[in-house]
Protein chains: 2
Amino acid sequence: MSTVADPRARLGALADRPVIRQALELIGRPGSRQAIPTPAAVIDRAAMNRNLIRAATICRAAGVALRPHAKTHKSADLARHQLTAGAVGICVAKVGEAEALYAAGIQDLLITSPIVGAQVAARVADLAAAGASVAVTLDHPDNATALAATARTDIDVLIDVDVGMHRTGVPTPAAALELAAVIEAAPRLRLRGVQGYGGLWQHIPDATERHAAVAAGMEQLSAAIELLDRHGHDTTIRTGGGTGTLDADLAIGVLNELQPGSYTVLDVQYRVVRSDWLDSLEHALFVSATVINAAQPTSLTIDAGLKAFATDADRPSTDLGEYLWYGDEQGLILTGAPDRPRLGTHIELLPPHCDPTVDRYDVIHVVEDDILVDLWPVHARGRSQ
Amino acid sequence: MSTVADPRARLGALADRPVIRQALELIGRPGSRQAIPTPAAVIDRAAMNRNLIRAATICRAAGVALRPHAKTHKSADLARHQLTAGAVGICVAKVGEAEALYAAGIQDLLITSPIVGAQVAARVADLAAAGASVAVTLDHPDNATALAATARTDIDVLIDVDVGMHRTGVPTPAAALELAAVIEAAPRLRLRGVQGYGGLWQHIPDATERHAAVAAGMEQLSAAIELLDRHGHDTTIRTGGGTGTLDADLAIGVLNELQPGSYTVLDVQYRVVRSDWLDSLEHALFVSATVINAAQPTSLTIDAGLKAFATDADRPSTDLGEYLWYGDEQGLILTGAPDRPRLGTHIELLPPHCDPTVDRYDVIHVVEDDILVDLWPVHARGRSQ
């Protein structure tokens with residue numbers, strides 16, 4: 001638990017790194033937030049907890065289960081905060097993430113990327129046999145057969161339905177029905193419901209357009225559910241959704257389990273996605289950097305570049321001035337202000353895209369106000385297999 | 001060494017991961033390259049070795065030292081191949097990388113990002129005291145003072161000179177001279193020379209324009225060298241350069257030590273940078289992915305998305321069709337060809353930008369022809385502090 005007195009116990013071999021040892025020395029000291037070795041991922045725990053409670057509260061009010069997506073943070077410690085706030089379990093994207101979070105104490109896991117192939121199936125079977133409550137998604141009969149061939153304990157299965165993104169999922173209700181038959185024929189596989197996720201909907205800026213996109217997608221999911229129901233298949237669980245669509249998902253009412261991830265900490269690219277729900281969330285993730293060169297009159301160089309942020313969406317944001325990518329290890333901040341930070345000063349930036357940014361770091365530095373209070377390993381970092 | 005019979009010894013705790021165990025089982029088996037669990041970083045060892053030998057050969061012929069930059073690969077095993085091919089030592093970008101590579105057996109390391117602050121200085125001092133031959137770059141007197149205050153063994157120092165990029169480096173020859181005086185006054189710091197690096201020059205497509213940019217930058221470095229020489233400072237080492245400018249660096253002749261990194265494996269963004277030298281190099285780094293959905297008539301979904309590649313430069317490349325980013329975990333390949341790969345097939349893509357792509361992975365899968373022959377840990381992965 002994150003309340004363990006000595007974070008060293010949670011850090012394992014990470015605690016031997018010189019830079020982690022320096023961070024551990026800072027815990028609890030006033031002003032230590034500005035002394036964290038950089039570049040570093042920083043989470044404001046109070047702001048994060050308020051986000052967790054907001055999501056849990058509106059889901060509970062709607063009678064919908066909340067299963068937050070750990071692809072955002074990949075941390076068992078953060079996942080425990082989500083469970084404490086009322087989540088029914090945790091989503092992960094990949095089997096590797098499930099293995100890492102289970103090893104770090106998270107019991108109830110749904111793998112949202114449909115599993116493919118015998119190697120992945122074998123690892124799912126091992127994880128279930130080891131005692132994890134692990135559920136998987138499937139979108140092709142071949143992969144149901146592969147999992148059935150290796151499962152030696154009961155494994156819950158959801159059918160992933162393509163709701164318009166054409167990325168994963170069975171393409172038609174008929175294909176869902178065909179897959180359901182293969183699953184039902186496998187003694188160890190238990191069909192429990194469906195998943196329908198529209199990643200592209202999450203960032204539609206306008207709330208009305210976003211709602212319309214979700215509604216159209218949910219019609220496709222409903223068609224699959226109806227056909228499965230008509231043939232007596234179990235569709236108890238209807239999971240999907242994300243941070244951008246959470247209010248629309250609740251209003252439309254097809255899903256009874258929601259999988260938001262980014263709501264935990266937000267990021268720059270969510271700034272343009274508007275709704276009362278999104279406006280109620282707070283930025284809780286920052287990248288801390290150091291001014292490493294102040295020799296130029298109109299720019300500062302900081303030690304956070306292409307390796308410190310995800311670069312797929314916008315640029316990092318700071319009130320100090322425009323940020324420019326400037327190599328693997330450095331960024332520029334365009335400022336000639338007389339009171340600009342001096343050489344060696346720590347500054348914090350908002351990351352463009354939270355999920356792949358956290359994936360750049362081995363630890364999350366947890367702060368309360370200006371104090372470093374904890375270190376959380378990014379347990380599933382890079383476990384994308 | 002990479003010739004150790006059992007790669008488990010080198011992998012340490014990584015060998016306990018289920019996905020690594022699966023990869024270890026594949027080593028030496030015919031066709032195993034197509035069975036590597038995905039997404040995965042793959043290096044063709046024979047092609048890589050030819051690149052290493054080409055660089056070593058032309059540097060040796062010019063009487064210039066080769067100190068390859070490990071920021072590209074972050075692997076002590078790959079660094080050992082570079083040393084075997086004739087490198088005089090290894091460059092790293094950050095102290096964290098130096099710590100990781102020294103722990104994995106690399107002795108002679110130059111940290112090319114000027115060090116800033118007391119925390120970083122303390123770690124450099126510890127590394128030197130532990131026995132590493134670690135040299136640092138400095139670009140401000142405050143940081144020379146910080147290192148002098150904590151060094152307890154002799155540490156070699158180079159002055160980083162801004163040669164036009166305005167990112168790091170002292171801004172003028174006079175500033176170099178001022179810094180040299182501070183370094184010389186510190187009993188434990190030994191001034192050994194200068195560094196001048198132009199990151200932006202590396203990707204100028206036209207060879208003539210690239211040469212002109214390097215020549216202009218080297219005039220600035222020469223001015224600093226002249227002033228330092230005139231005051232009796234040691235400028236024995238003149239280090240810098242990169243893959244894109246290596247032939248220009250040799251022709252211009254100011255640098256006597258070169259730091260190329262990307263030449264090891266190349267990437268998509270180097271395709272447009274032309275010269276006989278660059279045209280002689282081979283692509284040796286690939287990202288292996290699996291077709292995870294083939295339900296659409298004109299696209300395939302693969303399990304390599306924003307978390308599998310660096311996204312700062314172009315898109316991944318494959319002969320199968322255009323690649324589209326399609327989320328954190330997936331990409332699309334636009335193809336409706338009748339003979340397109342089927343569900344579950346492994347494919348390989350060229351990464352847009354090698355350095356931050358390798359930094360996404362904990363291990364490099366080393367192949368010869370169609371056989372997985374070794375696993376190299378990415379020792380310094382994420383050690384950007």
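Below, read A as the first sequence line, B as the second, and so on, with proteins coming before strands; counting in each chain starts at 1. Keep in mind that this is a model prediction, so the values were computed, not measured.
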B/E25 portion near chain A, given a 4.5 angstrom heavy-atom threshold:
neither
What residue, out of B/R17, B/K71, B/H140, has the most heavy-atom pairs lying under 4.5 Å from chain A?
B/R17
Using a cut-off of under 4.5 Å on heavy-atom pairs, state which of B/G331, B/P37, B/A295, B/P114 scores highest against chain A.
B/P37
B/Q119 side-chain N/O to A/V19 backbone N/O, donor-acceptor pair under 3.5 Å:
no
Honestly, the part of B/R381 sitting under 4.5 Å from a heavy atom of chain A is both
Against chain B, label A/Q202 side chain, backbone, both or neither, depending on which of its atoms sit under 4.5 Å from a heavy atom there.
neither
Select one option (side chain, backbone, both, neither) describing which atoms of A/P356 are under 4.5 Å from chain B's heavy atoms.
both
Say you draw a straight line from OG of B/S113 to CG of A/D303; how long is it, rounded to the nearest 0.5 Å?
9.0 Å
Structural part of A/L332 lying under 4.5 Å from a heavy atom of chain B:
side chain
What residue in A/Q22, A/R167, A/H166, A/K307 has the most heavy-atom pairs under 4.5 Å with chain B?
A/R167
Looking at A/I115, A/D355, A/T311, which makes the most heavy-atom pairs under 4.5 Å with chain B?
A/T311
Between A/A122 and chain B, with a heavy-atom cut-off of 4.5 Å, which part of the residue counts as in contact: side chain, backbone, both or neither?
side chain
Is A/V291 close to B/V116 at the side-chain level, that is, under 4.5 Å between some pair of heavy atoms?
no
Would you mind telling me which of A/L300, A/T38, A/D362 has the largest number of heavy-atom pairs within less than 4.5 Å of chain B?
A/T38
Sort out for me which of A/N143, A/T168, A/T290, A/N293 touches chain B most, counting heavy-atom pairs under 4.5 Å.
A/N293
Please look at B/Y326 and chain A and tell me whether the side chain, the backbone, both or neither of the residue comes under 4.5 angstrom of a heavy atom of that chain.
both
Using heavy-atom distances under 4.5 Å, tell me whether B/A118 contacts chain A through its side chain, its backbone, both, or neither.
neither
Between chain B and each of A/E329, A/K94, A/H353, count heavy-atom pairs under 4.5 Å; write down the option with the most.
A/E329
Quick one: which of B/D142, B/L343, B/D359 has the most heavy-atom pairs under 4.5 Å with chain A, could you say?
B/L343
Any side-chain to backbone donor/acceptor pair from B/Q385 onto A/P39? Under 3.5 Å, distance only.
yes
Which residue out of A/V170, A/L127, A/D139 racks up the most heavy-atom pairs below 4.5 Å with chain B?
A/D139
At a heavy-atom separation under 4.5 Å, does A/L26 approach chain B through its side chain, its backbone, both, or neither?
side chain
Engaged part of B/D126 at the chain A interface, taking heavy atoms whose separation is under 4.5 Å:
neither
